[in-house]
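Following: one structure in structure tokens, then a few remarks.
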Amino acid sequence: MKNLTLTQRLTLVFALLLLICCSISGVLQVRSSTQYSQAVIQRLSANLALHIATSNPLLSPKGWDDSSVHTLFDRLMAVNPSVEVYLLDKEGNIVGNAAPPGRLKRQKVDLSPIQALLDGAKMPIYGDDPRNLHSGKVFSVAPLKVNGEIEGYLYVVLLGEDYDALANNAQMNSALYSALWSMGLVVLFGLLAGAFAFRWVTRPIRHLTQQVSELDSDGIAALQAYAHNTPDSPGRDEVSQLQHAFRRMAQRIAEQWQTLSQQDQQRREFIANISHDLRTPLTSLHGYLETLSVKSASLTENDRQRYLEIALAQSRKVGRLAQELFELARLEYGVVKPQKEPFSLSELVQDVFQKFELAAEARQQQLHTDIQPGIPLVNADLSMMERVLTNLLDNAIRHTPQGGEIMVRLWAQGNKVLVQVNDSGPGIPQELRADLFVRPSILNNARRHAGGLGLMIVRRILQLHDSDITLVEQTHLGACFRFSVPVY
């Protein structure tokens, strides 16, 4: 069965069903034909027993005349060998018969079928066969009366042993011949019709199988071409629905493959950018440490201190990049889950401002807030929101020139609180905005206003809170970032 095709399996099952149906039909046909012929015989011979009883008195006030009864029965059975005649008393006991010695199997006949026939029940009616314990026969019966009282019955089996011996053989041959011919013709034409029907039904499946095989052999390029073909309108049958579903699946696979390719390309660029960002401070750190090691004796105390401060600054920069990479990896792979709780975003902004007051004063920058009255509590992770504000303010302070301004605005809108961070710096170059939240941007020696890993971390945190960050176009401000936080 494993090596058979779908068409062959359907044809085999159909052939087996045809054989079973033909066999059952043949049996029912033979049985129905037998019952019909026996019903006809019983109707035609219904008055046979009455005619015999009226033509030949079998019962007198003195009782049975055994010799005359036996002689009459022999003569009747000689004239019509298919009948068997029996004389019954009023309880159904056999008191007279012409059966050969040892052939009589019953001594009593059930009177229920006899009474049903006398009452005019629907034929055929089967009564007991005195010569067979396991089968019933159609019969004719007439009551024998004395002085108006029933004293017995004349019971005539219409199809006796001799008839069965001849009819069974002939009927079997005829029925077998007819059944074989009918079964053969039905199976032949059924298989031909089934083969054409199954081939027509399974044609879309074969076509789909061929398409899948071609896609498997040709690879992702063939899958993308197949997915972008204009699909036919799906039919109502299951095979058409399957083809349509497979096309949709191919489209999703092609889209996912394209997304994976883009992510792989971004990953490669990300690794290249990170390597560049790490290599620069590490090279500087290594150079100053090597200078201190080689020229330690010839350097003045001021030069030695300056080299150490530069090396420490580069070391802190490498540490900050490593920490940001570690934090981004934890966010990307779901290690960190937001622990949401209600809190005041206005108070959090004030707390973050306090951390940057000294840095802003050192650069002669001004920090401002514009908070709408009645800001509701938000439902978010407090530490994550603090990290978002910290990263944005740190970027703004680092890229805003001396004497510049930085402003944080908060206002409620629907079921969210919007947060906007503005600075008066030179802004983000147009060529860097497309990949601002995707990867750290490096363009030769161009000034990088983008937050690098910091903005990637910010965006990932906001995505965990069903939000996102956007760059708002502002003409009079350098950079303007906006995001939203859901209300508690």
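Bear in mind the structure is a predicted one, so any value in this text is a computation, not a measurement.
- By the neighbour-count criterion of 12 heavy atoms within 6.0 Å, atom CD of Q354 is densely surrounded, having more than that number from other residues, nucleotides or ligands.
- Partners of A121 under the side-chain contact (heavy atoms from CB on, under 4.5 Å) rule, at least two apart in sequence or in another chain, are A116, I125.
- Considering only heavy atoms from C-beta on, V458 stays 4.5 Å or farther from F481 through its side chain.
- Residues passing the side-chain contact (heavy atoms from CB on, under 4.5 Å) test with E290 are H286, V294, sequence neighbours excluded.
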Derivation and outcome, salt bridge (charged side-chain N to carboxylate O under 4.0 Å, His left out), residues R252 and E255: CA-CA 5 Å; R252 286 197 298 272; E255 293 172 358; over 6 Å; no
Please list every donor-acceptor pair under 3.5 Å in which a side-chain atom of residues 357-370 meets a protein atom from a residue at least two apart or in another chain.
from, atom 1, to, atom 2, distance (Å)
R363, NE, I397, O, 3.2
R363, NH2, T400, O, 3.1
Q364, OE1, Q402, NE2, 3.1
Q365, NE2, I397, O, 3.2
Q365, NE2, T400, O, 2.7
Q366, OE1, H368, NE2, 3.1
D370, OD2, R409, NE, 3.4

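- A donor and an acceptor atom, one from each side chain of Q305 and D303, are nowhere located under 3.5 Å apart.
- Classification of D129 and K137 as a salt-bridged pair holds, one side-chain N sitting under 4.0 Å from a carboxylate O.
- Checking side-chain atoms of R482 against main-chain N and O of V421 turns up no donor-acceptor pair under 3.5 Å.
- Other residues, nucleotides and ligands place more than 12 heavy atoms under 6.0 Å from the NZ atom of K355.
- Evaluation of the ring-ring contact (aromatic ring centres under 6.0 Å, His included) rule for F483 yields no partner, not counting sequence neighbours.
- One finds the NE2 atom of H465 at 11.5 Å from the CZ atom of R460 (value rounded to the nearest 0.5 Å).
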Quiz: residues 410-419 side-chain donor-acceptor pairs under 3.5 angstrom, not counting sequence neighbours:
none

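- The minimum heavy-atom distance linking F343 with A380 is given by the pair CE2-O, 3.4 Å.
- From L285, atom CG reaches atom CD1 of I310 across 11.0 Å, with rounding to the nearest 0.5 Å.
- Using a 4.5 Å heavy-atom cutoff, the side chains of V408 and Q420 are not in contact.
- Contacts of F356 classified as ring-ring contact (aromatic ring centres under 6.0 Å, His included), with partners at least two apart in sequence or in another chain: none.
- In this structure, the side chain of D381 engages the main chain of Q339 through a donor-acceptor pair within 3.5 Å.
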